[in-house]
Protein chains: 2
Amino acid sequence: MSKLVIEQPDGSNRDLASAERRSAILHATLELLAARGLHQTKIADIVRESGASIGSIYHHFGSREGVFYALYIETFELCFAELRTAVLPSTTAREGIRGLADTYLRWVEQHPARATFIYDVSQGDILRSFLPEIAAFKGAFYTEIFAWMQPFIAAGEIIALPPWAYDAIMMGPAHEFARRWLGGQRELPMAAAREIIADSIWRAMQPATS
Amino acid sequence: MSKLVIEQPDGSNRDLASAERRSAILHATLELLAARGLHQTKIADIVRESGASIGSIYHHFGSREGVFYALYIETFELCFAELRTAVLPSTTAREGIRGLADTYLRWVEQHPARATFIYDVSQGDILRSFLPEIAAFKGAFYTEIFAWMQPFIAAGEIIALPPWAYDAIMMGPAHEFARRWLGGQRELPMAAAREIIADSIWRAMQPATS
DNA sequence: GCGCTTCTAGAATATTATTCTAGATTACTC
DNA sequence: GAGTAATCTAGAATAATATTCTAGAAGCGC
């Protein structure tokens, strides 16, 4: 890290420190994903865009999948950090529940390349070999959110359901809209969607009155 | 179709009529997808399992993607047919809205291999080149459902929203649950999930009372 | 049967991911 | 600050895989 970065005559960055090289590979991969999608992002493209060699990429990430996995985790960390900040400090159920969907959709709008990538690999066919790690990572996040909800559930402000039901109800509509918006329908009004979806989730989370 | 199928001495089915060969290729592909997933289903595997030659596969489907696209459309047709039957004849809003999620989750439970496949390719990275066709196909279905909803919206029994908002709210939670269930958590109670999710969607579709 | 189209086969080719080996750089120890 | 072990980089060689191509078989209308 403290090592000098020396520009080579041919313009490539041969002497990036290791951590910077690693990060350059991920950055180049994200750019390529945004431009042409997961399927069309080849190792040779990453080599060209990042300035790293094949050997270097395999040293750092083990495989093409490994590059994607690293980017996937990095992306989740970025996204979850924002969601935590939006939800956990909330002192009312309504603010927290609405904030979850609202903040998530804001994040999608600000990071369309990362969000598209997440949806492209999610359900985990390409990253099948990393599925257990991914499930554990997500599970830890939902556990935090669930803990925040407990007092409101106990107080009857949020409907009481089995734990596995909450993420379907709280995140499903936002994911569904985000997929449509990212997948070619960016003309859909995101700001209105945030309102409508946050409202509908809040209604779905109300204890039944009858 | 009227052509005789002659078993060859080597056990392969060299003389399947064309339509049967096409269908044998799709069937073998589905089996392979169920066993090992999209990414690990190779052309060579399909050749081996279906008994067709490489040339034959490319003649019928044009590419590996083309095989998946054909299976994708076939699967959507099967699924949409059931959803139409469940929803369109409903005479109350509650029955139709709940039936959509309920029937969809029953379908997922009965066809896990097809459902997994749909989620693996959806958002359309692998099938990127077929995206317009897929969007049109889905759009036509949602238009039918939307038409069925119109009278109930007009009567104030279902909340009035912009058209693009309905599928996020009505299908999002079911999709989210289905992904979890298919992706390794089959121990989650599907019957209970159908109830809980159908209920929550119904609440989300109620016009706000305040 | 004749000519045309559709279909099948599998070898040849092209594309792409991965491995391997040699050497450069860095970090650590004395 | 020289020695040395670990880490990192490069890119050619290899392996895995998708696709194309050519020759011919089978179906089909006349």
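By convention in this document, chain letters (A, B, ...) are assigned in the order of the sequence lines, proteins followed by strands, and residues within each chain are numbered from 1.
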A:K42 has its side chain closest, among C:dA9, C:dT18, C:dA17, to C:dA17

B:E20 CD to C:dT8 P, in whole Å, measures 11 Å

Here the distance between atom C1' of C:dA17 and atom NE2 of A:H39, to the nearest Å, is 13 Å

A:I46 atom CD1 is separated from D:dG11 atom C1', nearest whole Å, by 17 Å

Rounded to whole Å, the CZ-C1' distance (A:F68 to C:dA17) equals 11 Å

To the nearest angstrom, the CZ-P distance between A:R22 and D:dT9 comes to 11 Å

Closest to the 5' end of DNA chain D, once A:G55 and A:H59 are matched to their nearest nucleotides, is A:H59

Distance col, row A:H60:NE2 vs A:R22:CZ, nearest 0.5 angstrom, shows 7.5 Å

B:I43 atom CD1 is separated from C:dA14 atom P, nearest whole Å, by 19 Å

Side-chain atoms of A:S53 come closest, of C:dC7, D:dG11, D:dT19, to D:dG11

B:R48 atom CZ is separated from D:dA18 atom P, nearest whole Å, by 12 Å

Would you sort out whether A:W148 and A:S90 count as a side-chain contact (heavy atoms from CB on, under 4.5 Å), showing the intermediate values?
-> CA-CA 9 Å; A:W148 171 85; A:S90 300; 3.8 Å; yes

Per nearest nucleotide of DNA chain C, the residue lying toward the 5' end, B:A52 or A:Q40, is B:A52

Ranking A:Y58 and B:S56 by the position along DNA chain C of their nearest nucleotide, the one closer to 5' is B:S56

Per atom distances to the A:S63 side chain, the nearest of C:dT18, D:dT19, D:dT9 is C:dT18

Closest to the side chain of B:I54, out of C:dT6, C:dA11, C:dT18, is C:dA11

From the candidates C:dA17, D:dT9, C:dT8, the one with an atom nearest any side-chain atom of B:R21 is C:dT8

Among D:dT19, D:dC8, C:dT8, the one nearest any side-chain atom of B:R64 is D:dT19

Rounded to whole Å, the NE2-C1' distance (A:H60 to D:dA6) equals 14 Å

Verify whether the ring centers belonging to B:F68 and B:Y72 lie closer than 6.0 Å. no

### Message
Suppose we call two aromatic rings close when their centres sit under 6.0 Å apart. Are B:F146 and B:Y142 close by that rule?
### Response
no

Taken in chain and number order and not counting sequence neighbours, the residues that satisfy ring pair (Phe, Tyr, Trp, His ring centres under 6.0 Å) with B:W164 are A:F177

